[in-house]
Number of protein chains: 2
Amino acid sequence: MAGIKDVAQEAGVSVGTVSNVLNGRKGRTSTETRARVLAAVEKLQYTPNAAARQLKSGLTQTLGLVVPSVANPFWGAVSHHVERAALEFGYKVLVCNAEREVAREATYAEDMLGSSIRGVIFGSSPVSMDHLRDLAARGLRVAAFDRRSRGASGVVACSVSIDQELGGRFAARHLIGLGHQRIAFVSGPISTSSRIGRLAGLRAAMEEAGLVLEDRHIWQGATRPGFGDTEGAQLGRAAVRELLAQRDPPTAIFTANDMYALGAYAGARDIGARVPGDISIVGFDDIVFAEIMQPPLTTIRQPIGRMSEIIVRRLIHDLEDGRRGDAGGGAHVDITPELVVRASTAPPPDHGRGNS
Amino acid sequence: MAGIKDVAQEAGVSVGTVSNVLNGRKGRTSTETRARVLAAVEKLQYTPNAAARQLKSGLTQTLGLVVPSVANPFWGAVSHHVERAALEFGYKVLVCNAEREVAREATYAEDMLGSSIRGVIFGSSPVSMDHLRDLAARGLRVAAFDRRSRGASGVVACSVSIDQELGGRFAARHLIGLGHQRIAFVSGPISTSSRIGRLAGLRAAMEEAGLVLEDRHIWQGATRPGFGDTEGAQLGRAAVRELLAQRDPPTAIFTANDMYALGAYAGARDIGARVPGDISIVGFDDIVFAEIMQPPLTTIRQPIGRMSEIIVRRLIHDLEDGRRGDAGGGAHVDITPELVVRASTAPPPDHGRGNS
DNA sequence: CTGAAAGCGCTAACAG
DNA sequence: CTGTTAGCGCTTTCAG
């Protein structure tokens with residue numbers, strides 16, 4: 001491993017000069033010296049040691065991204081977009097998988113702080129950000145993706161998310177418009193602001209239509225830890241089976257994300273129910289598979305490209321520009337989700353034939 | 001940000017002592033001092049600065065993982081497993097997305113070397129590892145996942161992959177056993193050892209059965225850069241449409257991975273062909289969605305949990321134990337893939353009714 | 001315009 | 001058992 005010293009020697013200059021041509025302002029070295037240094041760098045295949053550099057400067061050009069589940073393509077896509085956006089600012093991104101475990105979130109954040117990473121984006125997870133309060137107090141800039149900063153005063157520097165509740169309303173209205181009256185909600189633990197919001201939207205829209213969301217139609221699965229791979233799909237599958245076994249089964253299901261919806265397809269198939277003939281399904285996220293599934297899934301799309309760009313821009317700006325002590329008031333930007341109607345929804349089975 | 005110095009002061013000891021209780025052997029400090037130090041650490045919320053630490057030791061406890069596409073859940077799952085395995089050894093993993101671009105692979109590797117990351121796992125990508133030769137020469141331990149080290153003498157320290165060719169044979173034999181004679185191969189650029197191997201296996205098995213794999217049945221799509229999200233699915237979709245429009249269309253399709261297969265479903269649907277009635281499809285990887293798709297996809301499974309564990313163990317061992325200059329001979333371990341028969345394959349349409 | 005020298009926070013000898 | 005001290009590789013004043 002060649003060091004800056006070797007380069008200096010090779011070029012016949014001092015280390016200070018090398019450092020200057022490598023990152024000092026242009027005007028500080030003669031073109032000729034500059035060329036010699038560059039040649040030496042090339043010849044020696046010199047790569048500056050990032051550890052030393054950041055030790056000195058105290059800064060890193062990398063952002064952290066903590067996602068709740070790499071097994072869900074939605075987060076894969078988010079990683080993709082966040083990385084892309086960060087790259088434009090010359091930042092790299094370190095992706096961590098929290099497996100929806102609060103403890104892991106905190107551990108990762110801790111590690112990052114130790115690695116001089118000063119800004120971390122957290123993907124939807126627990127409502128409370130309290131476990132990150134310490135870190136924030138110690139200088140970590142916390143950004144939230146798909147999660148509101150509600151009640152997390154002082155810890156979240158900025159956040160983006162779609163208007164979750166509105167998303168829920170879109171789904172509900174579409175279903176209600178089709179004639180559905182018994183709509184179920186299926187989800188894993190309803191403990192993230194995104195899920196809570198989606199459910200709230202569903203409930204609100206139903207109430208506005210004079211319908212009631214029954215408790216037994218809220219299917220909240222437990223997440224088995226370490227079950228990441230299949231998690232969502234499995235839950236959705238189990239959910240449909242149970243829901244459709246009820247006396248007055250729902251005629252439509254709104255799921256907290258597309259993974260559950262896809263699992264629901266499998267569940268429906270297991271018991272011989274047809275989508276959307278016997279049961280309508282609307283998902284959330286619009287992952288690539290949504291369009292490919294048979295039938296193509298009606299879902300609520302989150303414009304993650306735009307969202308990623310916003311959050312990255314804000315975080316970096318905040319990091320570089322605002323070094324003013326406090327963690328900011330938590331500027332939140334709300335994006336409007338979009339209903340994508342495909343083929344997994346239709347009027348309920350008994351529609352138009354009278355029903356009592 | 002509290003430093004070791006502050007802790008020392010708070011505890012009324014020297015920095016050396018603090019350092020010792022934090023990572024020196026246990027026997028070197030009195031229980032009492034130890035307690036005081038720990039208390040100070042707690043009180044000050046001290047987190048050691050990783051940059052400084054690694055600057056001193058020259059080592060990092062983090063591995064790099066470069067995957068070709070985060071949009072493909074297969075790689076999401078691999079990240080998951082690699083991370084899990086690394087964690088057991090106390091390592092973290094930095095996941096990078098190369099988007100199947102050689103240049104990005106090299107750039108990332110370069111960055112990592114600069115960040116004192118000494119070991120990187122590369123997921124299937126270009127056959128040649130030449131672009132990494134420099135890095136390897138400069139001390140980077142390169143491990144390959146799902147990619148043979150063939151011809152990369154001196155650059156790859158170790159690798160794991162399934163026997164790709166065998167996987168291709170499994171798929172082919174299954175299809176041939178069903179009565180198929182015109183089998184197509186659909187894939188993106190056939191420029192990775194994995195794809196080349198899979199195709200070779202298909203061809204070999206067909207020849208053994210006295211069949212011939214026609215060139216026009218080898219559908220090789222171009223990858224549009226930055227198209228990551230939908231890439232695979234789109235290609236598969238286009239492929240089926242074109243393939244089935246030929247005079248003597250194939251009756252079965254073997255795809256280089258499940259994403260293509262899933263796209264193929266969409267393509268078949270586009271033109272009103274039924275799977276497996278009109279066209280049989282077998283994929284590769286066995287991603288979660290394979291089982292959920294309608295019809296469930298017949299595919300070749302890669303035991304990624306086991307593979308991840310092997311590669312991580314080897315890399316770390318190699319990194320910690322063997323500091324013997326050369327990059328090793330490239331110990332490769334081959335895993336046997338597994339044919340998972342589901343419902344996307346059936347005898348060809350004209351089977352048993354004579355066919356000319 | 002270029003060289004010398006002082007650390008960044010930490011670890012690892014080596015003294016005491 | 002604990003304190004001192006010399007750097008790790010680099011950036012950055014500050015002289016020359």
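Throughout, protein chains are lettered first and strands after them, A, B, ... in sequence-line order, and every chain is numbered starting at 1.
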query: Taking for each residue the nucleotide of DNA chain D bearing the nearest heavy atom, is the 5' side occupied by B/Lys56 or by B/Thr31?
result: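 Between the two, 5'-proximity favours B/Thr31.
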- request: Output, in order, the C-alpha distance, side-chain angles, deciding distance and verdict of side-chain contact (heavy atoms from CB on, under 4.5 Å) for B/Phe74 and B/Ser69.
  value: CA-CA 9 Å; B/Phe74 174 74; B/Ser69 163; over 6 Å; no
Does some side-chain heavy atom of [Y] sit less than 4.5 Å from a side-chain heavy atom of [X]?
{"X": "A/His332", "Y": "A/Ser161", "value": "yes"}
{"X": "B/Leu132", "Y": "B/Phe122", "value": "yes"}
{"X": "A/Leu22", "Y": "A/Val41", "value": "yes"}
{"X": "A/Val67", "Y": "A/Phe145", "value": "no"}

Qualifying residues under side chain to side chain donor-acceptor pair (under 3.5 Å), relative to [X], sequence neighbours excluded:
{"X": "B/Tyr46", "value": "none"}
{"X": "B/Glu32", "value": "B/Arg36"}
{"X": "A/Lys5", "value": "none"}

message: Between B/Ser19 and B/Val15 (side chain of the first, backbone of the second, donor and acceptor by atom type, cut-off under 3.5 Å), is there such a pair?
response: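 Such a contact is absent between B/Ser19 side chain and B/Val15 backbone.
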task: Report yes or no: does B/Ser79 contribute a side-chain atom to a donor-acceptor pair with the main-chain N or O of B/Trp75 at less than 3.5 Å?
output: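 Between the backbone of B/Trp75 and the side chain of B/Ser79 there is a qualifying donor-acceptor contact (under 3.5 Å).
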field: Over all atoms of both residues, closest heavy-atom pair of A/Ala11 and A/Val37
entry: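 Result for this residue pair: CB-CA, 4.0 Å.
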Inter-end axis angle, the helix from C/dC1-D/dG16 to C/dG16-D/dC1, with every axis fitted to five base pairs (rounded, 10 degrees):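 Axis angle across the helix from C/dC1-D/dG16 to C/dG16-D/dC1, nearest 10°: 40°.
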- prompt: Just how far, in rounded Å, is C1' of D/dC1 from CG of B/Asn20?
  reply: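 It works out to 10 Å between those atoms.
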query: What's the CG-P distance between B/Leu55 and C/dA12, to the nearest Å?
result: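 Those two atoms, CG and P, are 12 Å apart.
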message: Please classify the nucleic acid contact of A/Ser30 as base, sugar-phosphate, or nothing, using heavy-atom distances under 4.0 Å.
response: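 It contacts sugar-phosphate atoms only.
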query: For residues 3-16 of chain B, which residues have at least one heavy atom under 4.0 Å from DNA chain C?
result: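 Hits under 4.0 Å, by residue number: B/Gly3, B/Ile4, B/Gly16.
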field: Strand-adjacent residues in residues 39-54 of chain A, judged by heavy atoms under 4.0 Å from DNA chain D
entry: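 Heavy-atom contacts with DNA chain D come from A/Tyr46, A/Pro48, A/Asn49, A/Ala52, A/Arg53.
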- prompt: OP1, OP2 of D/dC1 versus side-chain N and O of B/Thr17: anything below 4.0 Å?
  reply: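 For D/dC1, neither OP1 nor OP2 has a side-chain N or O of B/Thr17 closer than 4.0 Å.
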- prompt: Quick one: is D/dC1 close enough that its OP1 or OP2 comes under 4.0 Å of any side-chain N or O from B/Thr29?
  reply: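 Answer is no, no contact under 4.0 Å.
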